[in-house]
There are 2 protein chains.
Amino acid sequence: MSDAAEVLISHCRQAGQRITAPRRIIADVVAKADDHPDVPEIYRRVAAIDPSISLSTVYRTVKVFAATGLVERHSFAGGRVQIEPTSQAHHDHLIDIESGAVVEFRSDEIERLQALVARELGFELTAHRLVLYGRPLARKARRARKP
Amino acid sequence: MSDAAEVLISHCRQAGQRITAPRRIIADVVAKADDHPDVPEIYRRVAAIDPSISLSTVYRTVKVFAATGLVERHSFAGGRVQIEPTSQAHHDHLIDIESGAVVEFRSDEIERLQALVARELGFELTAHRLVLYGRPLARKARRARKP
DNA sequence: ATGCATTTGCGAACCATTCTCATTAATAAG
DNA sequence: CTTATTAATGAGAATGGTTCGCAAATGCAT
(Lines give C-alpha, C1' and ligand atoms only; values in the text may rest on other atoms or scores of the structure.)
Protein backbone atom coordinates (compact mmCIF):
# COMPACT_ATOMS: atom_id res chain seq x y z
CA MET A 1 0.00 0.00 0.00
CA SER A 2 1.34 3.37 -0.98
CA ASP A 3 2.21 6.09 1.44
CA ALA A 4 -0.50 8.40 0.15
CA ALA A 5 -3.07 5.66 0.47
CA GLU A 6 -2.18 5.21 4.13
CA VAL A 7 -2.73 8.89 4.70
CA LEU A 8 -6.15 8.54 3.13
CA ILE A 9 -7.25 5.66 5.30
CA SER A 10 -5.84 7.09 8.50
CA HIS A 11 -7.77 10.29 7.90
CA CYS A 12 -10.88 8.27 7.27
CA ARG A 13 -10.41 6.48 10.56
CA GLN A 14 -9.97 9.81 12.33
CA ALA A 15 -13.23 10.92 10.75
CA GLY A 16 -14.96 7.99 12.40
CA GLN A 17 -15.16 5.93 9.25
CA ARG A 18 -14.67 2.19 9.28
CA ILE A 19 -11.67 0.87 7.44
CA THR A 20 -12.70 -1.93 5.14
CA ALA A 21 -10.93 -3.99 2.53
CA PRO A 22 -12.71 -2.22 -0.37
CA ARG A 23 -11.72 1.14 1.06
CA ARG A 24 -8.10 0.16 1.32
CA ILE A 25 -8.04 -0.89 -2.30
CA ILE A 26 -9.88 2.17 -3.52
CA ALA A 27 -7.57 4.41 -1.50
CA ASP A 28 -4.63 2.72 -3.13
CA VAL A 29 -5.99 3.21 -6.63
CA VAL A 30 -6.93 6.83 -6.03
CA ALA A 31 -3.65 7.65 -4.36
CA LYS A 32 -1.53 6.34 -7.19
CA ALA A 33 -3.61 7.93 -9.97
CA ASP A 34 -1.56 10.61 -11.66
CA ASP A 35 -4.28 11.34 -14.18
CA HIS A 36 -7.78 12.52 -13.32
CA PRO A 37 -9.87 9.37 -13.59
CA ASP A 38 -13.63 9.43 -13.34
CA VAL A 39 -15.42 6.99 -11.07
CA PRO A 40 -16.11 4.33 -13.71
CA GLU A 41 -12.41 4.38 -14.53
CA ILE A 42 -11.47 4.03 -10.87
CA TYR A 43 -13.93 1.19 -10.69
CA ARG A 44 -12.17 -0.55 -13.58
CA ARG A 45 -8.82 -0.27 -11.85
CA VAL A 46 -10.27 -1.43 -8.57
CA ALA A 47 -12.03 -4.33 -10.22
CA ALA A 48 -8.72 -5.40 -11.74
CA ILE A 49 -7.49 -5.93 -8.19
CA ASP A 50 -10.70 -7.23 -6.61
CA PRO A 51 -13.61 -7.86 -8.98
CA SER A 52 -15.99 -8.39 -6.10
CA ILE A 53 -15.98 -4.71 -5.24
CA SER A 54 -19.07 -3.02 -6.61
CA LEU A 55 -19.43 0.20 -8.53
CA SER A 56 -21.72 1.54 -5.81
CA THR A 57 -18.99 1.12 -3.27
CA VAL A 58 -16.52 3.04 -5.39
CA TYR A 59 -18.98 5.91 -5.71
CA ARG A 60 -19.66 5.91 -2.00
CA THR A 61 -16.03 5.63 -1.02
CA VAL A 62 -14.92 8.42 -3.33
CA LYS A 63 -17.58 10.57 -1.71
CA VAL A 64 -16.22 9.69 1.70
CA PHE A 65 -12.68 10.55 0.64
CA ALA A 66 -13.90 13.85 -0.75
CA ALA A 67 -15.62 14.59 2.56
CA THR A 68 -12.31 14.23 4.37
CA GLY A 69 -10.89 16.81 1.99
CA LEU A 70 -8.12 14.54 0.76
CA VAL A 71 -9.59 14.06 -2.65
CA GLU A 72 -11.17 16.55 -4.98
CA ARG A 73 -14.20 15.85 -7.10
CA HIS A 74 -14.27 18.07 -10.16
CA SER A 75 -16.86 18.11 -12.87
CA PHE A 76 -14.73 18.92 -15.86
CA ALA A 77 -15.56 17.54 -19.27
CA GLY A 78 -18.74 15.98 -20.48
CA GLY A 79 -20.47 15.74 -17.15
CA ARG A 80 -18.26 13.17 -15.51
CA VAL A 81 -16.95 13.65 -12.04
CA GLN A 82 -13.20 13.41 -12.09
CA ILE A 83 -11.09 12.54 -9.12
CA GLU A 84 -7.75 13.89 -8.01
CA PRO A 85 -5.80 13.38 -4.79
CA THR A 86 -5.57 16.77 -3.14
CA SER A 87 -1.93 16.15 -2.30
CA GLN A 88 -0.38 16.88 -5.65
CA ALA A 89 0.74 20.36 -6.49
CA HIS A 90 -1.78 22.39 -8.36
CA HIS A 91 -1.28 23.13 -12.00
CA ASP A 92 -3.26 24.25 -15.04
CA HIS A 93 -3.04 23.17 -18.65
CA LEU A 94 -2.18 24.72 -21.98
CA ILE A 95 -3.31 22.88 -25.08
CA ASP A 96 -1.30 23.13 -28.28
CA ILE A 97 -4.09 23.58 -30.81
CA GLU A 98 -1.92 22.27 -33.62
CA SER A 99 -0.64 19.05 -32.08
CA GLY A 100 -3.03 18.57 -29.18
CA ALA A 101 -0.10 18.35 -26.81
CA VAL A 102 -0.76 19.26 -23.19
CA VAL A 103 1.62 21.54 -21.34
CA GLU A 104 1.30 21.91 -17.58
CA PHE A 105 1.99 25.24 -15.97
CA ARG A 106 1.49 27.14 -12.80
CA SER A 107 1.09 30.86 -12.27
CA ASP A 108 0.85 32.09 -8.72
CA GLU A 109 0.03 35.50 -10.03
CA ILE A 110 -3.06 34.22 -11.83
CA GLU A 111 -4.04 32.14 -8.82
CA ARG A 112 -3.85 35.19 -6.61
CA LEU A 113 -6.00 37.23 -8.98
CA GLN A 114 -8.57 34.48 -9.19
CA ALA A 115 -9.01 34.47 -5.43
CA LEU A 116 -9.26 38.23 -5.52
CA VAL A 117 -11.88 38.25 -8.24
CA ALA A 118 -13.90 35.61 -6.42
CA ARG A 119 -13.83 37.59 -3.21
CA GLU A 120 -14.97 40.72 -5.01
CA LEU A 121 -17.93 38.75 -6.30
CA GLY A 122 -18.75 37.61 -2.78
CA PHE A 123 -17.30 34.12 -2.91
CA GLU A 124 -14.56 32.13 -1.29
CA LEU A 125 -12.63 30.45 -4.07
CA THR A 126 -12.64 26.70 -3.55
CA ALA A 127 -11.41 25.48 -6.91
CA HIS A 128 -10.86 26.56 -10.44
CA ARG A 129 -10.25 25.25 -13.90
CA LEU A 130 -8.09 27.12 -16.35
CA VAL A 131 -7.23 25.85 -19.79
CA LEU A 132 -5.30 27.92 -22.29
CA TYR A 133 -5.34 27.15 -25.99
CA GLY A 134 -2.40 28.31 -28.03
CA ARG A 135 -0.46 28.04 -31.26
CA PRO A 136 3.29 27.44 -31.02
CA LEU A 137 5.35 30.54 -31.69
CA ALA A 138 7.95 30.42 -34.43
CA ARG A 139 11.13 29.07 -32.87
CA LYS A 140 13.02 32.33 -33.22
CA ALA A 141 10.42 34.21 -31.25
CA ARG A 142 10.50 31.80 -28.36
CA ARG A 143 12.35 32.41 -25.17
CA ALA A 144 15.69 30.66 -25.64
CA ARG A 145 16.76 27.80 -23.40
CA LYS A 146 19.80 28.17 -21.25
CA PRO A 147 22.93 27.61 -23.35
CA MET B 1 -38.99 37.01 -33.09
CA SER B 2 -36.10 38.74 -31.38
CA ASP B 3 -33.24 40.33 -33.21
CA ALA B 4 -30.71 37.88 -31.81
CA ALA B 5 -32.89 34.96 -32.85
CA GLU B 6 -32.91 36.22 -36.42
CA VAL B 7 -29.14 36.33 -36.39
CA LEU B 8 -29.12 32.73 -35.24
CA ILE B 9 -31.41 31.47 -37.97
CA SER B 10 -29.77 33.48 -40.73
CA HIS B 11 -26.40 32.04 -39.79
CA CYS B 12 -27.91 28.58 -39.82
CA ARG B 13 -29.23 29.18 -43.30
CA GLN B 14 -25.80 30.35 -44.43
CA ALA B 15 -24.38 27.16 -42.99
CA GLY B 16 -26.66 25.17 -45.24
CA GLN B 17 -29.10 24.26 -42.52
CA ARG B 18 -32.83 24.15 -43.12
CA ILE B 19 -34.94 26.63 -41.27
CA THR B 20 -37.83 24.88 -39.61
CA ALA B 21 -40.56 25.96 -37.25
CA PRO B 22 -38.96 24.16 -34.28
CA ARG B 23 -35.65 25.82 -34.99
CA ARG B 24 -37.20 29.26 -35.09
CA ILE B 25 -38.80 28.71 -31.72
CA ILE B 26 -35.68 27.23 -30.17
CA ALA B 27 -33.60 30.10 -31.56
CA ASP B 28 -36.01 32.51 -29.97
CA VAL B 29 -35.82 30.84 -26.59
CA VAL B 30 -32.03 30.55 -26.65
CA ALA B 31 -31.56 34.11 -27.85
CA LYS B 32 -33.62 35.63 -25.09
CA ALA B 33 -32.13 33.51 -22.30
CA ASP B 34 -30.09 35.71 -20.01
CA ASP B 35 -29.31 32.86 -17.63
CA HIS B 36 -27.43 29.69 -18.56
CA PRO B 37 -30.17 27.13 -19.08
CA ASP B 38 -29.42 23.49 -19.66
CA VAL B 39 -31.17 21.65 -22.46
CA PRO B 40 -34.04 20.24 -20.40
CA GLU B 41 -34.77 23.79 -19.23
CA ILE B 42 -34.71 25.09 -22.79
CA TYR B 43 -37.04 22.27 -23.69
CA ARG B 44 -39.47 23.37 -20.99
CA ARG B 45 -39.50 26.91 -22.32
CA VAL B 46 -39.88 25.69 -25.89
CA ALA B 47 -42.67 23.32 -24.94
CA ALA B 48 -44.51 26.20 -23.31
CA ILE B 49 -44.68 27.75 -26.79
CA ASP B 50 -45.15 24.60 -28.85
CA PRO B 51 -45.62 21.36 -26.89
CA SER B 52 -45.27 19.26 -30.03
CA ILE B 53 -41.54 19.96 -30.23
CA SER B 54 -39.58 17.05 -28.87
CA LEU B 55 -36.69 16.98 -26.46
CA SER B 56 -34.55 15.27 -29.09
CA THR B 57 -35.06 18.18 -31.43
CA VAL B 58 -33.95 20.63 -28.79
CA TYR B 59 -30.77 18.66 -28.20
CA ARG B 60 -30.08 18.41 -31.90
CA THR B 61 -30.84 22.05 -32.59
CA VAL B 62 -28.68 23.30 -29.77
CA LYS B 63 -25.87 21.23 -31.22
CA VAL B 64 -26.45 22.81 -34.61
CA PHE B 65 -26.38 26.29 -33.10
CA ALA B 66 -23.16 25.45 -31.30
CA ALA B 67 -21.65 24.23 -34.56
CA THR B 68 -22.30 27.61 -36.15
CA GLY B 69 -20.41 29.17 -33.26
CA LEU B 70 -23.32 31.33 -32.20
CA VAL B 71 -24.00 29.45 -29.05
CA GLU B 72 -21.62 28.07 -26.46
CA ARG B 73 -22.08 24.76 -24.72
CA HIS B 74 -20.50 24.77 -21.28
CA SER B 75 -20.27 21.83 -18.95
CA PHE B 76 -20.36 23.43 -15.56
CA ALA B 77 -22.26 21.61 -12.87
CA GLY B 78 -23.05 17.97 -12.43
CA GLY B 79 -22.67 16.88 -16.01
CA ARG B 80 -25.28 19.08 -17.57
CA VAL B 81 -24.54 21.02 -20.70
CA GLN B 82 -25.42 24.64 -20.24
CA ILE B 83 -26.17 26.99 -23.10
CA GLU B 84 -25.29 30.61 -23.70
CA PRO B 85 -25.58 32.82 -26.81
CA THR B 86 -22.09 33.70 -28.00
CA SER B 87 -23.12 37.23 -28.94
CA GLN B 88 -22.29 38.76 -25.60
CA ALA B 89 -18.86 40.17 -24.79
CA HIS B 90 -16.21 37.78 -23.56
CA HIS B 91 -16.37 36.79 -19.94
CA ASP B 92 -15.52 33.91 -17.69
CA HIS B 93 -17.67 32.12 -15.14
CA LEU B 94 -17.80 31.57 -11.44
CA ILE B 95 -19.92 28.69 -10.19
CA ASP B 96 -21.59 28.86 -6.81
CA ILE B 97 -20.83 25.35 -5.57
CA GLU B 98 -23.75 25.46 -3.15
CA SER B 99 -26.52 26.56 -5.49
CA GLY B 100 -25.02 25.88 -8.91
CA ALA B 101 -25.68 29.48 -9.89
CA VAL B 102 -23.45 30.91 -12.60
CA VAL B 103 -21.89 34.34 -12.16
CA GLU B 104 -20.23 36.03 -15.09
CA PHE B 105 -17.12 38.12 -14.65
CA ARG B 106 -14.31 39.62 -16.57
CA SER B 107 -10.76 40.36 -15.46
CA ASP B 108 -8.50 42.09 -17.93
CA GLU B 109 -5.65 41.53 -15.53
CA ILE B 110 -6.11 37.78 -15.65
CA GLU B 111 -6.51 37.87 -19.43
CA ARG B 112 -3.26 39.75 -19.73
CA LEU B 113 -1.41 37.29 -17.53
CA GLN B 114 -2.76 34.36 -19.49
CA ALA B 115 -1.30 35.74 -22.70
CA LEU B 116 1.96 36.34 -20.88
CA VAL B 117 2.13 32.83 -19.48
CA ALA B 118 1.34 31.35 -22.88
CA ARG B 119 4.10 33.37 -24.49
CA GLU B 120 6.59 32.25 -21.87
CA LEU B 121 5.68 28.66 -22.70
CA GLY B 122 6.27 29.37 -26.37
CA PHE B 123 2.67 29.78 -27.50
CA GLU B 124 0.46 32.45 -28.91
CA LEU B 125 -2.73 32.41 -26.87
CA THR B 126 -5.75 31.81 -29.11
CA ALA B 127 -8.44 31.00 -26.59
CA HIS B 128 -8.95 30.10 -22.99
CA ARG B 129 -11.47 28.72 -20.61
CA LEU B 130 -11.55 29.78 -16.99
CA VAL B 131 -14.10 28.61 -14.46
CA LEU B 132 -13.91 29.50 -10.80
CA TYR B 133 -15.74 27.49 -8.18
CA GLY B 134 -16.63 29.25 -4.96
CA ARG B 135 -18.68 29.20 -1.81
CA PRO B 136 -20.67 32.32 -0.94
CA LEU B 137 -19.04 34.38 1.79
CA ALA B 138 -21.00 35.10 4.93
CA ARG B 139 -22.72 38.43 4.48
CA LYS B 140 -20.61 40.22 7.07
CA ALA B 141 -17.39 39.21 5.38
CA ARG B 142 -18.46 40.48 2.01
CA ARG B 143 -17.28 43.73 0.57
CA ALA B 144 -19.79 46.29 1.86
CA ARG B 145 -21.99 48.22 -0.51
CA LYS B 146 -21.53 51.92 -0.76
CA PRO B 147 -23.14 53.64 2.21
C1' DA C 1 -46.24 21.54 -57.49
C1' DT C 2 -42.53 17.44 -57.23
C1' DG C 3 -38.62 14.90 -55.58
C1' DC C 4 -35.40 14.08 -52.31
C1' DA C 5 -32.40 14.96 -48.60
C1' DT C 6 -32.81 16.90 -44.13
C1' DT C 7 -35.52 17.18 -39.82
C1' DT C 8 -38.60 15.65 -36.65
C1' DG C 9 -40.97 12.82 -33.00
C1' DC C 10 -41.06 8.97 -30.51
C1' DG C 11 -39.34 5.56 -27.82
C1' DA C 12 -35.50 2.81 -26.84
C1' DA C 13 -30.80 2.84 -25.54
C1' DC C 14 -26.81 4.69 -22.94
C1' DC C 15 -24.04 6.38 -19.35
C1' DA C 16 -23.02 8.31 -14.99
C1' DT C 17 -24.88 8.52 -10.64
C1' DT C 18 -27.95 7.52 -6.72
C1' DC C 19 -31.00 4.67 -4.09
C1' DT C 20 -33.02 0.46 -1.72
C1' DC C 21 -32.51 -3.20 1.02
C1' DA C 22 -31.12 -7.55 2.59
C1' DT C 23 -26.61 -9.33 3.90
C1' DT C 24 -21.93 -8.87 5.62
C1' DA C 25 -18.40 -7.17 8.38
C1' DA C 26 -15.85 -3.61 11.48
C1' DT C 27 -15.63 -1.85 15.92
C1' DA C 28 -16.57 -1.50 20.90
C1' DA C 29 -17.81 -3.73 25.03
C1' DG C 30 -17.84 -7.63 27.89
C1' DC D 1 -12.46 -14.31 22.01
C1' DT D 2 -17.49 -13.59 21.51
C1' DT D 3 -21.17 -10.79 20.86
C1' DA D 4 -24.08 -6.74 19.92
C1' DT D 5 -24.43 -2.78 17.40
C1' DT D 6 -24.33 -0.33 13.49
C1' DA D 7 -21.99 1.10 9.42
C1' DA D 8 -20.57 -0.72 4.87
C1' DT D 9 -21.30 -3.70 0.99
C1' DG D 10 -23.22 -5.82 -3.35
C1' DA D 11 -26.74 -6.35 -6.59
C1' DG D 12 -29.83 -4.40 -9.09
C1' DA D 13 -33.41 -1.09 -9.81
C1' DA D 14 -34.31 3.83 -10.36
C1' DT D 15 -33.12 8.48 -12.03
C1' DG D 16 -31.78 12.11 -15.06
C1' DG D 17 -29.29 13.89 -18.84
C1' DT D 18 -28.07 12.79 -23.51
C1' DT D 19 -27.90 10.12 -27.80
C1' DC D 20 -29.66 6.83 -31.26
C1' DG D 21 -32.62 4.49 -34.85
C1' DC D 22 -36.16 4.71 -37.79
C1' DA D 23 -40.45 5.79 -40.01
C1' DA D 24 -43.01 9.87 -41.06
C1' DA D 25 -43.09 14.79 -42.03
C1' DT D 26 -41.20 18.86 -44.07
C1' DG D 27 -38.02 22.45 -46.26
C1' DC D 28 -36.10 23.74 -50.40
C1' DA D 29 -34.26 23.65 -55.15
C1' DT D 30 -36.12 22.88 -59.48
Side-chain angles (χ1 to χ4, degrees), chain A residues 8-27 29-30 36-68 71-84, chain B residues 8-30 36-47 49-68 71-83 97 100 102:
Chain A
L8 266 179
I9 64 159
S10 72
H11 275 248
C12 277
R13 176 173 284 123
Q14 284 181 314
Q17 297 291 322
R18 292 183 181 177
I19 305 310
T20 68
R23 286 182 176 179
R24 284 179 207 278
I25 292 172
I26 295 168
V29 167
V30 168
H36 294 202
D38 58 10
V39 176
E41 174 59 26
I42 292 172
Y43 169 66
R44 271 170 232 124
R45 299 177 192 180
V46 165
I49 299 170
D50 182 346
S52 76
I53 295 174
S54 79
L55 178 59
S56 304
T57 296
V58 178
Y59 272 104
R60 285 185 288 231
T61 302
V62 161
K63 210 179 285 183
V64 168
F65 288 170
T68 71
V71 150
E72 284 174 27
R73 299 203 299 167
H74 298 293
S75 56
F76 290 160
R80 302 150 203 264
V81 170
Q82 288 174 275
I83 299 309
E84 164 184 45
Chain B
L8 266 179
I9 64 161
S10 73
H11 275 249
C12 277
R13 178 173 284 125
Q14 285 181 315
Q17 297 292 323
R18 292 186 180 174
I19 306 310
T20 67
R23 285 182 176 179
R24 283 179 207 279
I25 291 172
I26 296 168
D28 208 34
V29 166
V30 167
H36 295 76
D38 58 10
V39 176
E41 174 58 26
I42 292 173
Y43 169 67
R44 271 170 232 125
R45 299 177 192 180
V46 164
I49 299 170
D50 181 346
S52 75
I53 296 174
S54 79
L55 178 59
S56 304
T57 297
V58 177
Y59 271 104
R60 284 184 289 229
T61 301
V62 161
K63 211 179 284 183
V64 168
F65 288 170
T68 71
V71 150
E72 285 175 27
R73 300 202 299 165
H74 300 292
S75 56
F76 292 152
R80 301 150 203 261
V81 172
Q82 288 173 276
I83 300 307
I97 59 174
V102 178

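Reminder, nothing fancy here: chain letters follow the sequence lines and each chain counts from 1.
- At the phosphate of D/dT19, neither OP1 nor OP2 sits under 4.0 Å from any side-chain N or O atom of B/S56.
- If you measure from atom OH of A/Y43 to atom P of C/dC15, you get 15 Å, rounded to the nearest angstrom.
- The separation between A/I26 atom CD1 and D/dG10 atom C1' is 12 Å, rounded to whole Å.
- Between the base of D/dG10 and the side chain of A/R60 there is a donor-acceptor pair shorter than 3.5 Å.
- Between the OG1 atom of B/T20 and the CD1 atom of B/I26 there is a distance of 7.0 Å, given to the nearest 0.5 Å.
- Of the side-chain N and O atoms in A/Y59, one or more sit less than 4.0 angstrom from OP1 or OP2 of C/dT17.
- Nucleotide C/dC10 holds its P atom 11 Å from the CD1 atom of B/I53, rounded to whole Å.
- With hydrogens and angles ignored, no donor-acceptor pair closer than 3.5 Å exists between the side chain of A/S52 and the base of D/dG10.
- Each of A/P51 and B/D38 was matched to the nucleotide of DNA chain D holding its nearest heavy atom; the match closer to the 5' end belongs to A/P51.
- Contact between B/T68 and B/A15 at its shortest, heavy atoms only, is CG2-CB, 4.5 Å.
- The shortest non-hydrogen separation linking B/S54 to B/Y43 is C-CE1, 3.7 Å.
- To the nearest angstrom, C1' of C/dT8 lies 12 Å from CG of B/D50.
- In this model, the phosphate group of D/dA8 is approached by a side-chain N or O of A/R23 to a distance below 4.0 Å at OP1 or OP2.
- Remark: side-chain polar atoms of B/R23 are paired, donor with acceptor, to backbone N or O of B/R18 under 3.5 angstrom.
- A/L55 places its CG atom 8 Å from the C1' atom of C/dT17, with the value rounded to the nearest Å.
- The phosphate of C/dT18 (OP1 or OP2) has a side-chain N or O of A/K63 nearer than 4.0 angstrom.
- Applying the 4.0 Å criterion to OP1 and OP2 of D/dA8, one finds that A/T61 has every side-chain N and O outside that range.
- Phosphate proximity of C/dG9 to B/T57: present, with a side-chain N or O under 4.0 Å from OP1 or OP2.
- Rounded to whole angstrom, the span from the CD1 atom of A/I25 across to the P atom of D/dA8 amounts to 17 Å.
- Nucleotide D/dT9 holds its C1' atom 15 Å from the CD1 atom of A/I19, rounded to whole Å.
- An OP1 or OP2 oxygen of D/dA7 is reached within less than 4.0 angstrom by no side-chain nitrogen or oxygen of A/Q17.
- Within 3.5 Å, a donor on the side chain of A/R18 pairs with an acceptor on the base of D/dT6, or the reverse.
- Rounded to the nearest 0.5 angstrom, A/L55 CG and A/R60 CZ are separated by 9.5 Å.
- For the pair B/I9 CD1 and C/dT7 P, the computed distance is 14 Å after rounding to whole Å.
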